[in-house]
Amino acid sequence: MKRIVSVIAAAGLFVGPVLAQSVPERPLPNYPHTRASDLVEEHFGERIADPFRWLENDVRVDQEVRDWVNRENALSSSYLSRLPGRAILAGRIRDLTNFERYGTPRKAGKFYFYVHNEGSQNQSVLTVREGLEGQPRAVVDPNGWAKDGATALAEWAPSNDGQWVAFAVQDGGTDWRTLKVVNVAIGEVAEDEIKWVKFSSLAWKADGSGFFYSRFPEPEPGGTYQSINLNQAVFFHALGTPQAADTKIFATPDRPRLRHSAQVTDDGRYLMITSADGTDQRYELTVARIDKGPLKLRTLVKGLENNWALAGSVGPRFFFLTDKDAPRGRLVTLDVERRSKPPVEIVRQSTDTLVGASLVGERMILAYLGDAKSEAELRTLDGRLVGPITLPAIGSAAGFGGKGGDPETFYTFSSYAVPPTVYRFNTNTGKAELFARPKVPFDPADYVTEQRFYTSKDGTRIPMFLVRRKDTMASGPAPTLLYGYGGFNISIAPAFDASKLAWLEQGGVLAVANLRGGGEYGADWHNAGRLQAKQNVFDDFIAAGEYLIAEGITSKDQLAIEGRSNGGLLVGAVINQRPDLFAAALPAVGVMDMLRFNQFTSGRFWIDDYGDPAKEADFRVLRSYSPYHNVTGGREYPAILVTTADTDDRVVPGHSFKYVAALQAADIGNKPHLIRIETRAGHGSGKPIDKIVAESADMYAFIAKWTGLSIKAP
C-alpha cells in the first residue's frame with residue numbers, strides 16, 4: 001500500500017520532515033550540514049517525505065553516515081564539555097557508583113553463584129562460594145576482555161551440580177551473544193563456543209551433559225546489526241562438541257516470526273519450550289520428557305492468546321502464572337500428561353497485579369505490584385495463604401528463584417535512594433536475613449519518596465512517585481526531571497540509579513509517572529496505552545507535567561523530561577505535541593520513525609504494541625504521533641539532547657539520526673538540539689561504568705543548564 005515517488009521537493013507540497021534547504025539562516029548553534037534527499041513515499045494516498053533515510057545505513061559500513069556521526073559528535077562534545085558543573089557531576093556520579101554491588105545469588109549443588117562488582121570495575125564478575133561461609137572467588141571476569149571495558153558478561157546459568165557454568169559474551173552492547181562454558185573447579189574456559197545467539201535462555205540437562213539454547217541463522221554479509229531476525233530455533237549443545245554438532249530440537253519454519261525459549265523443570269524430567277510472535281505475553285507451550293528415550297514434543301498450549309509463565313512443577317503438575325480469564329493474573333496448574341484437562345485455579349485474581357510466581361521448597365512465592373510498588377506473599381501449593389513477606393519500604397523486590405524441595409531463596413530490594421540489598425529467605429520459616437548490604441557514600445535517610453495520584457486528560461487516575469532530598473523545595477518550585485515509559489506491559493517500579501541520585505543530591509526533584517501501556521495494573525492498563533489507544537500514554541505524560549507545575553513542585557522553565565527506548569518515543573512525541581510545557585528533554589535510544597520501525601532487527605516484534613504500518617488503520621495512528629514525521633516549525637522547542645549508540649541493534653541508531661536531522665533542519669528556535677552517539681555501546685546492557693558516567697554527566701549537566709539547577713561541589 002505504499003509507492004515510492006522520487007520528486008524535486010517543493011515547499012509545502014509534502015507532509016513530513018522539513019527539508020534542510022528550505023530552512024532560513026539561524027544563529028547558534030551552528031549545526032553540521034545534513035544532506036536532504038528528495039525521497040517521498042505514498043502511504044494510503046498520503047505523500048510523506050523521508051529526506052534523511054540515508055541515515056538509516058549502518059554507520060560501520062557507510063562512510064557518509066560515519067562522517068555525519070563524527071561531525072555531530074564533535075559539535076555535541078564541544079558543547080557538553082563546557083557545561084557548568086559537568087565535571088562536578090561526572091565525579092559525583094562516579095563516587096555514587098563506587099560501592100560494592102552484589103547480584104541475586106543462584107544456588108547449584110553446594111555452590112552459590114552471583115555477580116559482584118568491587119565498585120569501580122567496568123564490568124561485574126561472576127563469583128562463586130562453596131557454601132555460604134565459603135571464600136568467594138572469581139569464575140568469569142570480563143574486565144580483561146576489551147581495552148575499553150565494553151565487552152560484558154551477559155546471561156549465565158550453572159549446571160545443577162554447579163560444576164559447569166554456561167555464559168554469554170556481549171561485545172560492544174550488541175544483542176548478539178557468543179556462548180562459552182567454564183569449568184568451575186579450575187576456572188578454565190572450555191573450547192565450546194556457540195555464535196549467533198540472541199534473546200536466549202540457557203537450560204541445562206539434569207545430568208550436566210549439555211544445555212538447551214536458542215539462536216538465529218547466521219545473518220547475510222552486512223546485515224548483522226540491521227537485518228530482521230527470523231527463524232529462531234532451539235538447539236541442544238553437548239559439552240565438549242563443536243557448534244556444528246549441536247542438535248536442532250525445535251523450529252517453526254512455517255512460522256518464521258516465532259521466537260522460542262527453552263526451560264528444564266527442576267526435577268529434570270521435562271523440557272518446556274515457550275513460543276511467542278511478538279512482545280506480548282501471549283505464548284504457545286510445547287513439552288517433552290527428556291529423562292527417558294528420544295524427545296517426543298507435544299503441544300501443551302496453543303493459540304498465542306495468553307501469558308503462561310512457569311512457576312515450578314511437581315511431577316507432571318505444572319504451576320503457571322496466567323492472565324487467562326484474569327487480566328491481573330492468577331495461579332493455576334496444568335497436568336502435562338493429561339492435556340485435555342482444563343487449568344485448575346490455585347490462587348484467584350487479586351486487586352493487585354500478579355507479576356511473578358516461584359515454587360521454592362514446599363511453598364509458592366507470589367510477587368505482586370500494588371500501585372507500582374513491590375509486594376510478596378507465601379502460599380502453600382494448594383493456594384492457602386501462609387503470610388506476607390515483609391519488605392523494607394516503598395521499592396522493588398526481585399529474585400525469589402529456587403527449586404522444589406529446597407526452602408532457600410534470595411531476593412534483592414532497592415528503591416530510589418536505597419541501592420540493591422540482598423536478602424536470604426527461608427520458605428519453611430518465613431524468615432529473611434541479610435546477605436549483602438552495600439556501604440554507600442551517602443545517607444539514604446536524607447531522601448524522601450512519596451506516591452501521588454493525578455488525573456489524566458480522560459479522567460483516568462495515574463500514579464506517580466516523587467523523590468527529593470528532604471530540604472528540596474523548602475523555598476519554592478525546584479528543577480524537576482520527569483521520567484516515563486508507558487509500553488509493552490513493562491512496569492516502572494522504584495529502582496536505584498546513581499546518576500539520578502546525583503541529580504537529587506544537587507537539589508533536583510525526580511518524578512516517575514506510571515503511565516498506561518505499562519503493566520502496573522495488568523492487561524487492561526497495558527491495552528489502554530497501545531495500538532489505537534497509544535495517545536493515552538502521551539496524554540498521561542503531559543498531564544504529569546501539568547500536575548507538577550500546578551502543584552508548585554516545579555515550573556515549565558524548570559521541567560525536564562527523560563525516557564529510554566519506547567520512552568524515547570514518548571519524549572519525542574510529547575515534545576511535538578506540547579513543546580511549550582518543557583524546558584529540556586532527554587530522548588534516549590528512541591523509536592522515532594513509526595512508519596519504518598518494523599524494517600530492522602527486532603522491530604517487527606513491536607507490532608503488538610504499536611500496530612503495523614502496512615495496515616491503513618494502524619498507519620493513521622502511527623503517522624499522527626511519529627516523532628520524526630511531526631517536527632513542526634514555527635514553534636519554540638525545548639533544549640534537546642538525543643542519546644544513542646552505534647552498536648544498538650535493538651532500536652537501530654538510524655531512528656535517532658533521522659530525528660535529530662529533522663530537528664536541526666526545522667525552524668524550532670535557538671535552543672540546542674544535539675545528539676550524542678556512543679561508540680561500542682548498544683541499547684544499554686553491558687555498558688561499562690566509564691561510559692555510563694560520561695554519558696550521564698553529559699545528560700544531567702545539559703538539563704541542569706536548561707532548568708536552572710546550580711551544580712555545586714559536595
Side-chain angles (χ1 to χ4, degrees), residues 26-34 59 66-98 120 122 147-150 172-173 479 481 497-503 505-508 560-562 564 568 571 583-590 637-648 653 656-657 659-661 663-664 669-681 684 687-714:
R26 291 172 299 165
L28 294 175
N30 186 20
Y31 301 119
H33 171 73
T34 301
V59 66
R66 187 158 56 248
D67 290 344
W68 181 88
V69 165
N70 290 337
R71 293 195 303 272
E72 291 288 344
N73 266 346
L75 173 64
S76 60
S77 177
S78 174
Y79 180 91
L80 296 168
S81 65
R82 292 181 282 113
L83 286 172
R86 192 267 176 204
I88 294 174
L89 267 182
R92 192 57 184 152
I93 292 171
R94 184 171 291 281
D95 290 344
L96 291 170
T97 306
N98 190 13
S120 60
N122 267 319
K147 290 182 179 180
D148 63 355
L481 174 59
D497 183 333
S499 301
K500 289 183 174 58
L501 189 70
W503 171 265
E505 190 178 63
Q506 291 291 337
I561 53 176
E562 180 186 358
R564 297 186 58 84
V571 170
L586 299 172
V589 292
Y637 270 45
I640 302 170
L641 176 61
V642 177
T643 51
T644 187
D646 63 356
T647 316
D648 189 345
S656 294
F657 295 174
Y659 172 64
V660 165
L663 289 175
Q664 293 179 353
N670 295 327
K671 290 182 178 179
H673 306 127
L674 305 174
I675 184 168
R676 184 191 191 280
I677 304 146
E678 186 62 83
T679 57
R680 278 186 47 78
K687 186 178 292 185
I689 293 297
D690 289 344
K691 292 181 185 290
I692 291 172
V693 169
E695 181 182 67
S696 299
D698 285 343
M699 291 168 59
Y700 295 125
F702 182 84
I703 62 172
K705 158 75 174 175
W706 292 100
T707 60
L709 182 69
S710 178
I711 300 174
K712 301 174 182 177

Spatial distance of atom CD1 (Ile692) from atom OG1 (Thr97) [nearest 0.5 Å]: 7.5 Å
Least distance between heavy atoms, Lys671 atom then Trp706 atom: CG-CZ3, 3.9 Å
Salt bridge (charged side-chain N to carboxylate O under 4.0 Å, His left out) against Asp497, all qualifying residues, sequence neighbours excluded: Lys500
Shortest non-hydrogen contact from Trp68 toward His33: CD1-O, 4.2 Å
What side-chain donor-acceptor pairs closer than 3.5 Å can you find for residues 85-94, not counting sequence neighbours?
residue : atom : partner : partner atom : Å
Arg86   : NE   : Asp698  : OD1          : 2.8
Arg86   : NH2  : Ala694  : O            : 3.1
Arg86   : NH2  : Asp698  : OD1          : 3.2
Arg92   : NE   : Glu505  : OE1          : 2.7
Arg92   : NE   : Glu505  : OE2          : 3.1
Arg92   : NH2  : Pro441  : O            : 3.1
Arg92   : NH2  : Glu505  : OE2          : 2.8
Arg94   : NH1  : Asp690  : OD1          : 3.4
Arg94   : NH2  : Asp690  : OD1          : 3.0

side-chain contact (heavy atoms from CB on, under 4.5 Å) between Leu663 and Ile640, intermediate numbers included: CA-CA 9 Å; Leu663 289 175; Ile640 302 170; 3.9 Å; yes
Short side-chain to backbone donor-acceptor contact, Asp648 and Pro653, under 3.5 Å: no
Distance (rounded to the nearest 0.5 Å) between Leu586 CG and Ile703 CD1: 5.0 Å
Partners passing salt bridge (charged side-chain N to carboxylate O under 4.0 Å, His left out) against Asp148 (at least two apart in sequence or in another chain): Arg680
side-chain hydrogen bond (donor to acceptor under 3.5 Å, both in side chains) against Trp503, all qualifying residues, sequence neighbours excluded: none
Pairwise side-chain contact, Ile675 with Tyr659, heavy-atom cut-off 4.5 Å (strictly under): no
Least distance between heavy atoms, Pro587 atom then Leu641 atom: CD-O, 3.4 Å
Closest approach of Val571 to Ala585 (non-hydrogen atoms, all atoms of both residues): CG1-CB, 3.9 Å
Residue pair Ser499 / Tyr700, side-chain heavy-atom distance below 4.5 Å: yes
Shortest non-hydrogen contact from Leu481 toward Ile561: CD1-C, 4.0 Å
Where at least one partner belongs to residues 67-78, residue pairs that pass salt bridge (Lys or Arg N to Asp or Glu O under 4.0 Å), sequence neighbours excluded: none
From OG (Ser76) to NE2 (His673), nearest 0.5 Å: 14.0 Å
Whether Ser696 side chain and Val693 backbone form a donor-acceptor pair below 3.5 Å: no
Separation of Thr707 OG1 from Phe702 CZ (nearest 0.5 Å): 10.5 Å
Atom pair CG (Leu80) and CG (Asn73), whose distance is rounded to the nearest 0.5 Å: 9.5 Å
Between CE on residue Met699 and OG1 on residue Thr643, distance to nearest 0.5 Å: 5.0 Å
Closest non-hydrogen atom pair between Val589 and Thr644, with its separation: CG1-CA, 3.9 Å
Any residue meeting salt bridge (charged side-chain N to carboxylate O under 4.0 Å, His left out) with Glu678, in chain and number order, not counting sequence neighbours: Arg676, Lys691
